[in-house]
Amino acid sequence: MTRPFVARPGCLAGLVLAVGVLVWAGISFSRHDPTPAFDPATTQEVVGAAAGCEPPGLPDPTPEQEQDRRAQIEQAARVDVATSGCLPAVDGGCDEPIISCRIRVGDEAITLRVEYGSCRDLITSRSCEYRLERTNRLLTQQRLHHEFAIFAEEQRAEGAVLRCDTIPGGADLFPLDDSPGLDPGYRSTPYRCYTREPKSVTDVYEVRLYQGGLPVFADERR
């Protein structure tokens with residue numbers, strides 16, 4: 001005849017203890033909040049793609065400016081830099097021989113070389129052929145936030161907080177050449193962006209600049 005199982009007092013106490021440890025571990029894990037991999041004092045929250053990344057609202061040239069080649073090129077240089085930097089407007093102009101234009105962005109000034117050809121006089125304006133060539137890659141805080149908001153849109157939808165390092169002065173310049181060890185066209189930067197869901201580890205992304213200065217993001221875990 002099979003005897004019914006009767007738990008001994010010592011076994012029962014051990015079982016209760018084991019269950020208690022498991023419950024405590026589960027509660028502790030649910031409350032665990034890993035330290036963020038970013039410093040709030042040196043980063044900024046990315047709140048969304050910037051509407052200001054549309055073509056800037058610079059004033060239309062006056063009739064006199066439409067007849068002036070230098071004024072046309074200065075306007076084009078400002079539009080070029082403002083659009084790439086996600087800025088509503090920028091200041092700056094071209095030198096007298098119209099060899100280069102110097103446009104101020106935050107604490108930096110980017111130089112654009114000017115190559116131009118002939119001009120044609122129209123009825124009410126003058127059309128000139130020219131090409132602007134940058135001497136540096138430009139990274140602005142606004143463009144960085146705009147591109148990262150697009151890049152991490154899915155993480156934001158899942159509740160993640162998005163942050164990027166603060167660029168001192170709002171803008172930084174980098175050489176046109178590529179960084180050693182990266183794919184062709186890429187330049188490394190010291191800046192990082194981050195995504196962090198509540199009570200989760202932080203995903204860290206290195207900010208790289210592609211040709212033309214477009215920021216791209218490389219997961220540092222890979």
Side-chain angles (χ1 to χ4, degrees), residues 44 49-148 150 164-191 207-216:
Q44 298 180 17
C53 281
E54 303 299 326
L58 297 177
D60 294 331
T62 65
E64 292 77 14
Q65 290 173 332
E66 290 181 345
Q67 296 288 340
D68 188 303
R69 177 169 60 183
R70 179 177 174 182
Q72 290 183 26
I73 296 176
E74 286 179 336
Q75 176 82 347
R78 287 192 288 265
V79 169
D80 179 275
V81 174
T83 301
S84 66
C86 250
L87 301 166
V90 292
D91 295 322
C94 305
D95 53 21
E96 187 59 42
I98 323 181
I99 296 175
S100 65
C101 301
R102 187 174 173 83
I103 307 301
R104 293 184 295 275
V105 183
D107 289 347
E108 299 288 349
I110 184 169
T111 299
L112 292 81
R113 288 191 289 264
V114 181
E115 296 182 6
Y116 56 87
S118 60
C119 294
R120 292 182 302 151
D121 291 325
L122 306 176
I123 297 177
T124 60
S125 65
R126 195 180 192 199
S127 176
C128 298
E129 297 176 353
Y130 56 86
R131 185 169 67 90
L132 300 171
E133 181 180 317
R134 297 191 183 191
T135 58
N136 298 95
R137 302 188 196 197
L138 170 69
L139 177 64
T140 66
Q141 193 81 60
Q142 291 90 333
R143 173 59 71 179
L144 178 60
H145 283 203
H146 177 77
E147 298 300 333
F148 192 63
I150 296 173
C164 287
D165 287 343
T166 298
I167 302 176
D172 206 349
L173 297 178
F174 297 88
L176 292 177
D177 59 334
D178 302 338
S179 290
L182 298 185
D183 293 335
Y186 289 91
R187 157 61 56 178
S188 62
T189 79
Y191 303 109
V207 179
R208 299 174 180 174
L209 288 184
Y210 191 56
Q211 293 173 341
L214 178 69
V216 294

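Nearest heavy atoms, Leu144 versus Asp165: CD2-O, 4.2 Å. For the pair Cys94 and Ile73, the tightest heavy-atom approach, listed with the atom from each and the gap, is SG-CG2, 3.9 Å. Listed here is the closest heavy atom pair of Gly92 and Arg78: O-NH1, 2.6 Å. Counting all heavy atoms, side chain and backbone alike, Ile103 lies closest to Gly93 at CD1-N, 4.1 Å. Scanning all heavy atoms of the two residues, the minimum distance from Ser100 to Val114 falls at CA-CG2, 4.0 Å. Here the shortest heavy-atom pairing between Ile110 and Asn136 reads CD1-O, 3.8 Å.
Between the OG1 atom in Thr135 and the CG atom in Leu112 there is a gap of 7.0 Å [rounded to 0.5 Å]. With values rounded to the nearest 0.5 angstrom, Gln72 atom CD is found 9.5 Å from Ile98 atom CD1. Distance CD1/Ile99 to CD/Glu96: 10.5 Å, rounded to 0.5 Å. Atom-to-atom distance recorded for Asp80:CG and Gln75:CD is 12.0 Å, nearest 0.5 angstrom. Here Gln141 contributes atom CD and Cys164 contributes atom SG; the two are 7.0 Å apart, rounded to the nearest 0.5 Å. Taking OG1 of Thr83 as the start and CZ of Arg143 as the end, the distance is 8.5 Å to the nearest 0.5 Å.
Counting heavy atoms from C-beta outward, Leu138 and Leu173 have side chains that approach closer than 4.5 Å. Side-chain atoms of Thr111 and Cys101, non-hydrogen and from C-beta on, never get closer than 4.5 Å to each other. Between Asp172 and Tyr191 there is a side-chain heavy-atom pair separated by less than 4.5 Å. In this structure, the side chains of Arg187 and Leu182 stay at 4.5 Å or more apart for every pair of heavy atoms.
The pair Glu133-Arg131 meets the salt-bridge criterion, with a side-chain N (NZ, NE, NH1 or NH2) lying under 4.0 Å from an Asp/Glu carboxylate O. Ion pairing of Asp178 with Arg137 is present here, as a side-chain N (NZ or NE/NH1/NH2) and a carboxylate O approach within less than 4.0 Å.
Counting only N and O atoms by type, the side chains of His146 and Gln142 include no donor and acceptor under 3.5 Å apart. A donor and an acceptor atom, one from each side chain of Ser84 and Arg134, are located under 3.5 Å apart.
Remark: the backbone N or O of Ser188 is paired with a side-chain donor or acceptor of Ser179 at under 3.5 angstrom.
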